[in-house]
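Encoded as structure tokens, the structure appears first; notes follow it.
Residues take their numbers from the sequence shown, with the count starting at 1.
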Amino acid sequence: MARADAHALSLDQGFRMMLYLLGPNETSFARDEDVPEYVEKATPFFMMLMLSELLIGWAKTGSLVIRINDGITSLSAGVMSRLSNLFARGLELSCYVYVWNNYRLVELPWDSPWTWWLTFLGVDLGYYWLHRLSHEVNILWAAHQVHHSSEDYNLSTALRQSVTQQLSSWLFYLPMALAVPPSVFAVHIQFNLLYQFWIHTELVGNLGPLEWIINTPSHHRVHHGRNPYCIDKNYGGTLIIWDRIFGTFSPESDKVIYGLTHPINTFEILSVQFSYYVYLWERFWSSPSTTDKLSVIFKGPGWEPGKPRLGCHSDLPEVTGEEAPHNPEWPLALQVYVTLHFFLLLAFYVLLQMLSPAFLLLMTGYIMSTLTALGFIIEKRPGAAVLEMLRCVLFLLFHKSGYVRHLIPMLSVPTEVGVPTCPSVYACLRAARRRRTQLLAP
């Protein structure tokens with residue numbers, strides 16, 4: 001029987017966790033409250049693996065495999081997707097526990113290896129159908145398209161998650177709650193997610209016989225492609241056998257062009273998360289009949305009146321193989337500024353855990369304003385300086401009140417002096433950029 005504790009995982013355990021290689025003897029718990037927050041514990045391993053990918057990619061290609069604008073957007077989406085955990089445990093586990101407590105038919109032993117392996121298969125099969133229907137049902141696609149909106153394919157892309165995905169994902173695991181204890185489910189729902197991190201890379205090629213059984217970087221590259229042969233393929237989470245069984249498998253062949261068939265061309269995080277809902281709402285209200293309105297919601301993203309449920313691949317934009325990702329020019333100084341402030345948000349400040357719901361809402365507001373302001377700066381939007389000023393004021397209020405503290409106490413005073421100057425620095429950078437452009441203009 002495993003014993004939950006508050007200590008960090010060892011290096012060996014951490015990497016085995018990321019590869020789904022921790023076994024039943026290490027991860028069996030009597031109560032769901034005892035199950036560690038494996039996803040939270042994985043943060044340093046995310047960072048180590050992304051740094052390794054950057055270094056190996058630089059050595060192989062001589063360039064960065066993670067663009068700053070795209071990488072910051074992906075990480076911002078990952079941060080946003082975890083904000084709900086400030087208020088309550090995940091909806092998937094909460095709903096699962098409710099069904100288990102009130103409707104279970106049998107109770108499989110929590111400490112049995114057979115229960116552990118059965119849950120491994122059940123969670124992965126549930127994920128396959130969740131993932132598949134998230135591509136085939138438009139309202140579910142509105143959440144999942146966030147993950148596909150990057151035109152790059154690297155480890156940061158794995159963290160580009162939707163804020164709203166959890167609102168529907170819990171449905172696909174409820175049948176297991178009739179028999180499988182929540183503590184076993186709570187382990188596998190996390191491991192299934194963590195496994196999928198490492199397969200988001202171009203640096204790993206074909207893995208030989210393993211390609212027949214498990215989901216690999218090669219299989220998942222296909223899933224993220226917008227080439228005709230990639231559309232609606234390879235939905236598996238940990239195992240690829242479900243795609244082979246249900247006829248949705250495709251091997252990697254031609255060069256994969258990543259991203260949505262209709263790229264969103266933005267790095268502003270609120271647009272990345274919610275713009276498809278606006279589009280869906282407009283389509284819904286512009287549809288003439290009730291049948292068409294319902295079809296907009298519950299049929300595929302490519303559906304139109306007179307077309308099949310999932311639309312026609314022939315209607316999709318042609319992929320030539322020469323497509324270039326959206327990458328507007330922005331000065332190096334702004335790239336440094338955005339990167340510094342993003343990692344300050346992640347690494348240099350910690351929250352004092354408070355029970356006040358009002359405090360949690362304010363902290364969520366600060367994080368949201370930071371991510372939004374950085375997106376505005378990346379896109380050089382006119383209102384960026386004003387939003388940045390509001391963000392800095394909000395930060396100072398938290399800092400002065402003691403709700404946010406510096407990990408290095410001696411830097412607290414420089415922080416209080418430096419943060420208020422940030423909007424001015426950004427405004428000066430924008431002004432200098434405009435003057436340079438004017439001087440270079442004919």
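Scanning for ring pair (Phe, Tyr, Trp, His ring centres under 6.0 Å) contacts around F298 gives an empty result, with sequence neighbours left out. In terms of the ring pair (Phe, Tyr, Trp, His ring centres under 6.0 Å) criterion, residue partners of F46 (sequence neighbours excluded) are, by chain and number, F197.
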Exercise for the section: Would you check, one step at a time, whether the test side chain to side chain contact (heavy atoms under 4.5 Å, CB included) holds for Q190 with E37? Expected result: CA-CA 8 Å; Q190 294 187 79; E37 292 287 346; 4.2 Å; yes
Margin query: Go through it in stages, so that I can follow the logic: the residues are H148 and H135, the test is side chain to side chain contact (heavy atoms under 4.5 Å, CB included), and I'd like the CA-CA distance, side-chain angles, deciding distance and then a yes or no.
Written below: CA-CA 10 Å; H148 284 267; H135 282 254; 3.3 Å; yes
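We find that R67 and D152 are joined by a salt bridge, their nearest charged nitrogen and carboxylate oxygen being less than 4.0 Å apart.
With hydrogens and angles disregarded, a donor-acceptor distance shorter than 3.5 Å links the side chain of N227 to the backbone of K255. Between the H219 side chain and the N234 main chain, no donor and acceptor come within less than 3.5 Å of each other. Judged by distance alone, the side chain of E136 and the main-chain N or O of G300 form no donor-acceptor pair under 3.5 Å. Judged by distance alone, the side chain of Q196 and the main-chain N or O of A158 form no donor-acceptor pair under 3.5 Å. Listed for the D243 side chain is a donor-acceptor partner under 3.5 Å among the backbone atoms of G236.
Stacking of R381 on the aromatic ring of F376 is recorded, both the 6.0 Å distance cut-off and the 45° axial limit being met.
The heavy-atom pair separating Y153 from T157 by the smallest distance is CA-OG1, 3.8 Å. The minimum heavy-atom distance between S150 and D70, with the atom names listed, is OG-OD2, 2.8 Å.
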